[in-house]
2 protein chains.
Amino acid sequence: MALSTVAPKAFIQHQNLVEQVADYLTQAIIQQHFLPGERLSEVQLSKDLGVSRAPVREAARLLESRGLLISKPRRGFFVRALNAVEFEDVFDLRLCLERHAIERLAERYSVEAQRALEQQVEVLCEAALGNDETRRIEEDLQFHRLMLHYAGNERLLKAFDGLTHELRLCIALITKTHDAPDTIATSHFKLLEALASGSPAACREAIDYHIGVARKFVVRGVGEPGEPGS
Amino acid sequence: MALSTVAPKAFIQHQNLVEQVADYLTQAIIQQHFLPGERLSEVQLSKDLGVSRAPVREAARLLESRGLLISKPRRGFFVRALNAVEFEDVFDLRLCLERHAIERLAERYSVEAQRALEQQVEVLCEAALGNDETRRIEEDLQFHRLMLHYAGNERLLKAFDGLTHELRLCIALITKTHDAPDTIATSHFKLLEALASGSPAACREAIDYHIGVARKFVVRGVGEPGEPGS
DNA sequence: CGACTGCCGACTGTCGACAGTTTTATAAAC
DNA sequence: GTTTATAAAACTGTCGACAGTCGGCAGTCG
């Protein structure tokens, strides 16, 4: 046993360049430092970040698989531009996944799951009162990730995670979502109630309503369909 | 660039090395030339294929995002090993996606879609009569891809495609699926009937049955849960 | 006989460079 | 002034190399 249990390996920063570059790019895209459709120069990026092109390329491929970038052969990588139709598709897929998840969850709703979700709603409500919009979004997503997790199918969660990157993009693209702390709270409480009731129909109704609201906010902020992202 | 001598290098034609390497690896994994859990040496691969390590690494990252490989930092890439639980999860997610798709499709079932699906079933039946198991699987998947496509949400199709890689892995892992050309035919005809009826409930029932049958065949071929793939 | 230490080979992470291609800038012709 | 042809610049795809790290093995000590 080389390492004692006291000092976890996380103490050593072993994050490789690829992940760091990927994180940087993700943040930059979400914060719109790179505009949708813009081309990213590998050379420029490697100069800016002080690394060689290899990790930049690998990071770009990673973001491509996450739907944030698109690669065109011999042309380079471009920031994904989503149009209205694609927004709809993202939310439709999200609906698909969460419907399935909440029904699965209703079948196996444990005390542990209930506690975790209730606690997360509290955290979310607290976040909604503050000014940090980013944190509110993250806590919101985290609630849904928890729901997917306790549904018992890790692949479902993985698929959702693949979508969250684009969801953040959707949310980031519209100027200001809205803000109504109590709306957020009640919307999530309804989900908890439906789960507690154990009725699949109620769960489905609750999640349909919940996502429908979110969708409306986002779609409202999007213009007409433009250049397709892919 | 030394493109010399012998056998395996013939796999590579110089146009897009990354994709070619990815295709080669995919085939090799599905055909079990690399066993589940086995580690892949970047150096060895680049020697065998006659390319440098850069495209091998990028291809490996691609396959990682498709769930065929797993990367462990400083250790390299390993062939994904799926256990019984993960098989279940894959099929559960597939069910989720296809239920949603077939209901969406039922709402907007065009003549064009109907023709395309009917034609594909014919192709599939023809393939089922032959000896080429691989082709039968591909035609089967293609039918489902068409269904997802005509459902009108390209992201749904994309999610499914992300799953097909693992599905092929599932199917490849079990020795011989079965074989019953008429079973395959009728199973798909039922889907067409349900779609033609326009009843969402019938569609759901049909797809549940359809995927349930496929799942049973696969799960039967899988042993107890072993080493988790992730 | 078992456990620890230091060395060795193998391999990954990263880098800089070259070649071919695409894009842009420039010049000539209409 | 516009269009076509040509040259230069910029960039991607790919390669080979180097350094740091990991796992295993032999030697040493208890």
Side-chain angles (χ1 to χ4, degrees), chain A residues 1-5 7-25 28 34-35 37-65 68-80 227 230, chain B residues 1-5 8-25 28 34-35 37-65 68-80 227:
Chain A
M1 188 75 65
L3 275 178
S4 82
T5 51
K9 59 183 176 183
F11 189 77
I12 304 293
Q13 279 287 349
H14 235 315
Q15 204 180 20
N16 49 12
L17 286 188
V18 175
E19 298 205 8
Q20 291 184 53
V21 174
D23 287 347
Y24 167 79
L25 285 178
F34 300 122
L35 299 174
E38 185 177 345
R39 178 162 134 268
L40 300 184
S41 161
E42 296 176 4
V43 175
Q44 192 59 46
L45 279 173
S46 40
K47 278 181 187 170
D48 291 348
L49 298 175
V51 301
S52 80
R53 279 174 50 218
V56 171
R57 284 176 62 87
E58 294 193 21
R61 288 216 172 263
L62 192 61
L63 292 225
E64 185 189 10
S65 76
L68 294 183
L69 294 180
I70 295 177
S71 89
K72 300 183 182 178
R74 299 262 170 209
R75 298 286 315 282
F77 290 92
F78 297 77
V79 178
R80 177 77 174 281
E227 160 86 354
S230 47
Chain B
M1 169 169 325
L3 209 163
S4 59
T5 56
K9 298 187 180 181
F11 263 93
I12 303 300
Q13 302 167 352
H14 282 274
Q15 41 180 10
N16 191 340
L17 286 189
V18 174
E19 300 218 356
Q20 291 183 58
V21 173
D23 286 348
Y24 168 79
L25 284 179
F34 300 122
L35 299 175
E38 185 175 344
R39 176 163 138 268
L40 300 185
S41 162
E42 297 175 5
V43 175
Q44 192 59 47
L45 278 174
S46 40
K47 278 182 188 170
D48 291 347
L49 299 175
V51 301
S52 81
R53 280 175 51 221
V56 171
R57 283 176 63 88
E58 294 192 20
R61 285 212 175 267
L62 193 62
L63 292 227
E64 185 189 11
S65 76
L68 294 183
L69 294 180
I70 296 176
S71 89
K72 300 184 182 177
R74 301 261 170 211
R75 297 290 315 283
F77 290 92
F78 297 77
V79 177
R80 177 78 173 281
E227 163 87 353

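Protein chains get the first letters and strands the later ones, always in sequence-line order, with residue 1 at the start of each. Basis for what follows: all heavy atoms, side chains included, without hydrogens, waters or symmetry-related copies.
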Does A:Arg57 reach a base, just sugar-phosphate, or nothing at all? Heavy atoms under 4.0 Å.
base
When rounded to whole Å, the CG to C1' distance for the pair A:Leu69 and D:dT12 reads 15 Å
A:Arg61 has an atom CZ; how far is it from atom P of C:dG13, in whole Å?
17 Å
Say you draw a straight line from CZ of A:Phe77 to CZ of A:Arg57; how long is it, rounded to the nearest 0.5 Å?
6.0 Å
Exercise: do B:Asn16 and B:Gln20 side chains pair donor with acceptor under 3.5 Å
no
Check DNA chain D against residues 45-54 of chain A and give the residues with a non-hydrogen atom under 4.0 Å, in numerical order.
A:Arg53
Strictly distance-based, threshold 3.5 Å: is any side-chain N or O of A:Arg39 a donor or acceptor partner for the main-chain N or O of A:Arg75?
yes
Atom-to-atom span, CD of B:Glu58 to P of C:dT14 - whole angstrom
13 Å
d(A:Tyr24 OH, A:Asp48 CG) to nearest 0.5 Å is 6.0 Å
Given atom CG of A:Leu40 and atom C1' of D:dC11, what is their separation to the nearest angstrom?
13 Å
Check this for me: does any side-chain nitrogen of one of A:Arg61 and A:Glu64 sit under 4.0 Å from a carboxylate oxygen of the other?
yes
Distance, rounded to the nearest Å, where A:Lys72 contributes NZ and D:dC11 contributes P
17 Å
Could you tell me the separation between the CD1 atom of B:Ile70 and the P atom of C:dT12, rounded to a whole number of Å?
16 Å
Spacing of B:Glu42 atom CD relative to D:dC22 atom P, expressed in whole Å:
16 Å
Nearest-nucleotide comparison on DNA chain C, the residue closer to the 5′ end among A:Val18 and A:Pro73
A:Val18
Is there a side-chain contact between B:Arg75 and the phosphate of D:dG23, meaning an N or O under 4.0 Å from OP1 or OP2?
yes
Do A:Glu38 side-chain atoms and A:Leu35 backbone N/O form a donor-acceptor pair below 3.5 Å?
yes
Starting at CG of B:Leu69, measure out to CG of B:Leu62 and round the result to the nearest 0.5 Å.
9.5 Å
Could you work out which one of C:dG13, C:dT22, D:dC15 sits closest to the side chain of A:Arg74?
C:dT22
From CG of B:Leu17 over to C1' of D:dT12, roughly how many Å is that when rounded to an integer?
13 Å
Side chain of B:Ser41: nearest nucleotide among D:dG13, D:dC11, C:dC11?
C:dC11
